[in-house]
Amino acid sequence: MKELLQHAQHIVIFTHMAPDGDAMGSALALYHWLGGKPEVIVPNAFPAFFNWMPGADRIHVYEKEKAACDALIAAADLFICTDFNDPKRIGPMGDKMLANPCPKILIDHHLNPTDFADEVHSHPEASSSCEIVYKLLFGDKSSISNQQSSISNKVATCLYTGLMTDTGNFSFNSTRAELYDIIAELLRAGVQKDAIYDAVFNQYSEHRVRLTGYALYRKMRIYPEHHLALITLSADELDQYHYQVGDTEGLVNMPLQISDVYYSVFMREERAKPGTPKSRIRISFRSQGDRPVNIWASEVFHGGGHANASGGEIFGTIGQAVRLFEQTYKTYLK
Ligand code: 5GP
Ligand code: MN
């Protein structure tokens, strides 16, 4: 990896669709560590609550500047893919990346990456891709930078953001002691951890908080025999609450606060794009303990993910998605 980085002149860093804190953090940490030289391209818009992240203003959003991004992708001599395991997760850019034969580095913690990268750092046991980036850059004597004191505040801030968001502020995937050794190093590098928490979790609009209230009060259905909850939000309902990208982030986790609910599903309608006939229903799955949801997500909803956190989609109406859900949950859930 060190050699690949040394020889590259035009590095492009990709991360996945609907970027989350770990996607943003792992991509931007590498961007800063590489001196701000790489281009970071994300498939679609990231939530405004990541605008404060150092380097967020330098990110290219493919949906908004396709031609410029296509030129960057064609001219790249090294790709770094963070926090995703399949070119499909970067949408139409996936095929464009594969069309460029230059080396590709994968840094990720999702299961079973498809075989597209030349240099693979896949660690499903890691809390986050940011944890893997930390270890690659600063982990031990064999790490790339080979110096302990070289963690800049920007790099540390980006990495901490991913560690924090991918573990639900250290409430899951976060029981290994070494994670806290990393956090200690990041704090020594000057990370303002409480300010980062505040920037990500306490800067919502009033509409967002009311949308959450509406979803829980009026739109949550419980299937008690299967310890399952379902929330759906149509495009019209989202409009009523002035929906912005990211406003439903975390909503799918909330039904799990109910003591007898172990599975939670959230469906969100996106209106059909011009020229396409059907709306897209984006579906999130969450579960607790030994109750995988990823097989259900992949076999029924064209998605996949981690055992306890998966995603998928169908093209059609919310009603069709709910029917599919109701026809299949008994097969896939314990
Ligand atoms: P979310 O519900 O936050 O959108 O997605 C939860 C997790 O599911 C993500 O971290 C990702 O690992 C996985 N995931 C979401 N959508 C897809 C998808 O379409 N395909 C696959 N393979 N995984 C997905
Ligand atoms: Mn992640």
Side-chain angles (χ1 to χ4, degrees), residues 14-30 42-47 49-50 81-92 94 106-114 116 121-135 158-170 172-174 179 200 229-233 245-256 263-270 280-288 292-315 321:
F14 290 120
T15 192
H16 62 75
M17 231 178 274
D20 57 14
D22 190 35
M24 297 286 291
S26 52
L28 287 174
L30 285 162
V42 300
N44 57 2
F46 54 84
F49 52 79
F50 294 130
C81 301
T82 71
D83 202 36
F84 67 95
N85 59 357
D86 186 319
K88 291 194 189 90
R89 297 276 292 140
I90 55 173
L106 175 72
I107 302 175
D108 181 49
H109 67 135
H110 297 92
L111 280 176
N112 306 329
T114 52
F116 72 96
H121 299 276
S122 167
H123 297 281
E125 74 287 358
S127 64
S128 53
S129 296
C130 281
E131 180 179 340
I132 306 169
V133 171
Y134 176 91
K135 284 188 192 151
C158 294
L159 292 178
Y160 185 84
T161 304
L163 293 176
M164 177 187 81
T165 54
D166 252 29
T167 59
N169 201 33
F170 310 104
F172 48 80
N173 290 343
S174 52
L179 180 61
V200 175
L230 171 66
I231 295 175
T232 63
L233 289 172
V245 172
D247 277 358
T248 54
E249 194 69 40
L251 180 60
V252 65
N253 294 304
M254 299 183 87
L256 300 174
Y263 296 101
S264 175
V265 177
F266 168 54
M267 299 179 178
R268 176 172 59 80
E269 181 189 16
E270 286 173 14
R280 173 176 184 250
I281 314 297
R282 169 71 215 168
I283 309 166
S284 288
F285 303 81
R286 296 291 185 277
S287 65
Q288 293 169 321
V293 283
N294 48 349
I295 312 292
W296 191 25
S298 89
E299 291 186 0
V300 181
F301 298 98
H302 316 285
H306 312 276
N308 292 136
S310 301
E313 64 182 14
I314 69 148
F315 289 86

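Read the numbers this way: they start at 1 and go in the same order the structure lists the ligands and their atoms. As a basis for the values below, the full set of heavy atoms in this structure was taken, side chains included, without hydrogen atoms, waters or symmetry mates.
Of the possible donor and acceptor atoms, one in the side chain of D20 sits under 3.5 Å from a partner among the backbone N and O of A23. In this structure, the side chain of D108 does not engage the main chain of S129 through any donor-acceptor pair within 3.5 Å. E299 places no side-chain N or O within donor-acceptor distance of the main-chain N or O of I295, the cut-off being under 3.5 Å. Side-chain atoms of T82 do not come within 3.5 Å of backbone N or O of L106 as any donor-acceptor pair.
Between Y160 and F170, the ring planes are tilted. Angles from 30° to 60° get that label. Taking the six-membered ring for Trp and thresholds of 30 and 60 degrees, F301 and W296 have ring planes more than 60 degrees apart, a perpendicular arrangement.
The nearest N, O or S atom of H109 is closer to the Mn ion (ligand 2) than 2.8 Å.
Restricting D166 to its N, O or S atoms, the one at the least distance from the Mn ion (ligand 2) is OD2. Here the N, O or S atom of D83 that is nearest to the Mn ion (ligand 2) is OD1. Sorting the N, O or S atoms of D22 by how far they are from the Mn ion (ligand 2) puts OD2 first.
Protein residues with a heavy atom under 4.0 Å from ligand 1 are R89, H110, R282, S284, R286, G303, G304, G305, H306, A309, S310, G311.
Side-chain atoms of D166 and H109 form a donor-acceptor pair, as typed in the model, at a separation below 3.5 Å.
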